[in-house]
Every structure is written in C-alpha cells, then in structure tokens.
Amino acid sequence: MSQKIIFLFLIVHCTLVIPSTRDCFAQWQPDVRLTNDPAFSYISSNNAWCIASSGNSVHVVWYDNRDGNPEIYYKRSTDGGISWSADTRLTNNAADSYYPSVAVSAQAPALAVHVVWVDERDGNSEIYYKRSADGGLSWGADTRLTNNTATSFHPSVTVSGSVVHVVWNDNRNGKPEIYYKRSTDGGINWGADTRLTNNFANSLCPSVAVSAQAPALAVYVTFVDERNGNSQIYYKRSTDGGISWGADTRLTNNNFNSGISSVAVSGQAPALAVHVVWYDLRDGNWEIYYKRSTDAGINWGTDTRLTNNTAVSWAPSVALSGSAVHVVWYDNRDGNEEIYYKRSTDGGISWSADTRLTNNAADSYYPSVAVSGSAVHIVWRDNRDGNVEIYYKRDPTGNPIGITNIGSEIPKEFSLSQNYPNPFNPSTKIRFAISGTLVAQTFLSVYDILGREVATLVNEQLQAGKYEVEFDAANYPSGVYFYRIAIHSDKLITVDYSETKRMTLIK
C-alpha cells in the first residue's frame with residue numbers, strides 16, 4: 001500500500017516540479033474583483049498599506065462612495081485569499097471618510113485588526129481609528145486621534161503585539177509636518193501627539209514600520225521633505241518604542257524630486273534590516289528606487305534603481321519576510337497604467353526581473369502588498385469595469401520562508417536529511433545540501449497522504465551549500481506527510497537530484 005501511495009505522490013509531483021521557467025519564479029493566480037457597485041472604490045494614494053495579512057487571514061480596506069459620500073469599507077479572507085467575506089462598512093456619517101490604512105499583528109493569535117483614516121465629520125480633516133478584537137468579525141467604536149482646527153491627513157499605521165503606531169501629516173503649525181501617536185494596549189488608550197518634524201518646509205506622506213518580533217522597540221518613519229528646495233526622502237527612528245526620536249536623516253540627495261516612500265523592517269534587534277522604496281525623477285522620468293540599512297537604520301547603502309524604462313513608474317509599496325523583499329508599483333510602459341512586481345530573496349542585494357501582474361486596456365494603479373507564510377498578496381484599484389473597483393491577486397508560493405544557510409562549506413554531494421523532530425507537533429526542521437558550482441533551482445514541497453501538495457517550503461535559486469527550512473504544521477491535521485526535494489541546474493530540463501522522505505504529525 002505504501003508503495004502505491006508513494007507512486008501516486010511521485011506522479012502528482014512530476015506535474016508540479018517541472019513547470020516552465022516562467023512559472024518557477026511566478027505562480028500568480030488570476031485577478032479577483034473585490035468590489036462590485038456602480039460607485040468608485042479607492043485605496044489610499046499615499047502608500048499607506050491597504051492590505052494586511054497574518055497566517056491565512058488577509059484584510060483589505062478602501063473608501064467607497066456608494067453611499068453618496070466616501071465611507072471606509074473593509075473585507076477579509078480567512079483562507080489565504082481564496083474566498084472573501086461580504087463588504088463591511090466601517091464608517092457611517094454625512095461627511096467624507098477616506099485614505100484608510102490597515103495593520104494586523106504578525107504574532108499569534110493576531111486577532112486584532114487596526115484601521116486608521118481621514119474623516120471630515122468635525123468640519124475639518126481629522127485622523128480616526130477603529131479596531132476589531134476578533135479578526136474582523138465585529139468592530140469597536142470610532143476613536144478620534146487628532147483634535148485641532150487644522151488639516152490632518154495621510155495616516156499610516158503599523159502594529160507589533162499590543163503596541164500600535166500611527167503617523168500622519170498635520171497642518172496645525174501653518175504647514176504640513178509629520179506627527180506620531182501610539183497606543184500600548186492594543187488601541188484602547190492613546191498617548192499624546194508627538195511632532196516629528198520641525199523645519200520651514202513641507203514634510204509629507206509618512207510611512208511607518210516596526211519589527212514584527214518582540215520586543216519591537218525600534219520604530220521607523222520615512223517621509224517626503226522639501227527643506228532642500230526639492231522633494232527628498234527623509235528618515236527618522238525611535239529605539240525605545242516611540243518614546244523618543246533620533247535626528248532627521250536625509251536618504252536621497254539629488255537635484256530632482258523624490259516621491260512618496262514606503263518603509264518595512266525585518267529581523268531582530270540589533271540586526272534589524274530596514275528597507276525603503278520610493279519613486280524618483282533623477283533619470284528624466286519617474287523610476288522606482290530602493291535603499292536599505294542592515295544595522296537598524298544607523299548606516300545606509302547606496303540607492304538602487306529598480307526600474308529602467310522610458311515610461312513613468314509610480315507609487316511603490318514594500319513588504320518583507322526575513323530576507324525576502326517584495327515591491328509593487330504601477331507603470332505605464334505598456335501605454336496605460338499596469339501593476340508590476342519584483343522581489344529580492346537575498347535581502348535586497350540582487351533583484352528579479354520585473355513581473356507584469358495586470359493586463360487590460362484600462363488603468364490599474366496604487367498597489368499595496370502584504371506577505372504571510374509563503375503567500376504574497378496584492379491589492380490595487382482598477383478601471384477595467386468602467387468605474388474604479390478594488391482588485392486582488394496572490395502568489396501562494398511567492399514568499400520563501402524560513403530558509404537558513406547553515407554552512408559555508410560546499411557539500412560533496414546532494415542530500416536530503418530526515419526531518420527533526422519526527423514525529424513532530426506542530427513544527428519540524430528539514431535540512432538539505434546542494435553540491436556543485438552553479439546556482440541551482442531548488443524545490444522542496446510537502447504533500448499529504450493522497451499526494452496533494454499542501455505547502456511549498458522552497459522555490460528558489462540557491463548556491464551550493466547546506467540549508468535548513470522549518471515546516472510549521474499548526475494549521476494541518478495529524479497524519480503522515482511526505483516531503484520531496486528536486487534540484488535543477490540547467491533551466492529545469494533535467495533533475496540533478498531528487499528524493500522523498502516521510503514524516504508524521506501527531507497532535
């Protein structure tokens with residue numbers, strides 16, 4: 001019986017591990033239309049994240065004028081983006097509510113969802129906040145975060161554990177400055193407003209990030225600043241969870257304008273990696289640029305140009321998972337605005353080619369990206385239906401997770417080790433070795449007893465070396481599973497090495 005099962009497993013796998021070269025790097029699934037009404041549906045245009053994910057839960061926010069005026073709406077998926085709930089209206093007043101941003105904690109159980117937006121119910125634009133303590137099922141009351149006679153706009157929110165961080169623009173000082181506020185009890189109570197910038201020029205469109213790993217004391221904010229006579233990207237950080245802040249740091253330095261930025265952080269102190277993307281006019285047209293710090297924002301590398309075409313590339317959004325960096329933006333190289341994507345699997349050192357994610361005659365623009373587990377999630381606004389609607393797309397295996405290089409010595413032969421511990425509950429580690437001198441396309445997948453693929457642990461080009469990857473089976477039932485490795489060094493024409501092993505999950 002076991003031989004028949006393994007035979008079935010191998011037949012199924014043959015159709016999965018020898019795809020075309022294109023499919024090895026992109027397993028993007030079809031576009032999903034999330035909204036369907038005759039009014040316009042918008043996501044924020046200031047690069048605040050309108051999508052957040054943790055585990056199999058994906059959360060999307062937008063503003064919609066189906067009710068006669070713009071209101072904030074929310075939608076969620078609890079199965080990784082396969083199916084979606086009905087639209088949930090989060091605001092209900094006669095004034096305009098717009099520019100929402102959403103965050104969810106990456107730490108279990110990650111039930112709290114946090115949303116901020118701009119609201120005009122008070123006669124001027126103020127920042128409001130709302131939270132769900134049960135993963136988006138029900139929502140608390142609206143909380144007014146700002147209270148002054150000037151305009152507050154462009155909020156961005158992030159969270160780690162029970163600490164929620166919000167940044168925004170505020171005109172209370174006569175011109176736009178960056179302000180910050182935090183809650184240390186999951187959004188129940190809030191501290192005072194903190195003014196982060198103080199100069200004679202405009203400071204605009206902030207983006208905020210915090211490490212997802214406790215204690216998450218480092219908070220990072222990037223923004224556009226005009227103090228140098230043209231728009232440049234600036235950065236500021238707090239190393240004590242938002243209590244005090246360091247000096248402003250200028251990240252770009254050229255005679256042309258730099259547009260809205262997006263910031264993300266990964267790792268654990270003190271080895272935090274901070275990644276920033278923005279769009280820049282230094283090349284004669286707008287292009288996407290990238291910069292990183294590998295020491296928690298103390299020192300920064302050089303600017304890296306991510307796009308290179310004669311058209312306009314705008315509004316990048318960045319998300320991180322370990323050493324995987326994911327960037328989306330919109331680009332009109334095709335004659336109309338389309339969504340593009342690229343990623344780095346080595347922490348921003350090298351980058352894949354541009355991947356075009358949308359293909360229709362209408363405009364697709366202002367994308368936002370999130371990652372959780374092995375999946376990459378994208379949301380954007382799209383004109384293909386004759387009015388603006390919200391669309392979603394995912395790559396269920398686009399985020400390589402938990403791959404660790406455990407040795408610099410080149411192995412003499414390929415190998416796949418038995419997982420340990422085995423039996424296991426709920427996680428186990430798998431080691432493998434790659435021999436040779438060339439970069440090898442490596443697949444490591446997990447299958448159930450029927451030969452169905454349940455997880456892709458590795459789908460990467462890897463150098464020769466010894467590696468370890470973790471399989472978290474918290475969401476899988478007890479039983480026998482198989483894991484198989486396939487290594488190719490010649491564009492997938494032949495398999496240099498493959499092996500299958502068995503493991504047991506006992507809960």
Run the side-chain contact (heavy atoms from CB on, under 4.5 Å) test against [X] and tell me which residues pass, sequence neighbours left out.
| X | result |
| --- | --- |
| Asn332 | Ala311, Val312, Glu337 |
| Thr239 | Arg237 |
| Asp134 | Ser132, Leu137, Ser138 |
| Asn299 | Asp295 |

Practice task
Can you run down the salt bridge (Lys or Arg N to Asp or Glu O under 4.0 Å) pairs that involve residues 189-208, sequence neighbours left out, and say none if there aren't any?
Solution key: Arg172-Asp193, Glu177-Arg195, Lys181-Asp193
Handout entry: Pairwise salt bridge (Lys or Arg N to Asp or Glu O under 4.0 Å) hits with a residue in residues 309-326, at least two apart
Key = none
My understanding is that only residues two or more places apart in sequence, or in another chain, count here; which of them pass side chain to side chain donor-acceptor pair (under 3.5 Å) with [X]?
| X | result |
| --- | --- |
| Asp331 | Asn309, Ser313, Trp329, Arg333 |
| Tyr73 | Asp67 |
| Asp385 | Arg33, Tyr391 |

Completion exercise
For Trp286, the ring pair (Phe, Tyr, Trp, His ring centres under 6.0 Å) test, sequence neighbours excluded, returns Tyr279, Trp314
Practice task
Could I get the full list of ring pair (Phe, Tyr, Trp, His ring centres under 6.0 Å) partners for Tyr42, not counting sequence neighbours?
Solution key: Phe40, Tyr63
Exercise for the section: For residues 220-246, pull every pair meeting ring pair (Phe, Tyr, Trp, His ring centres under 6.0 Å), keeping only residues two or more places apart or in separate chains. Expected result: Tyr180-Trp245, Tyr235-Trp300
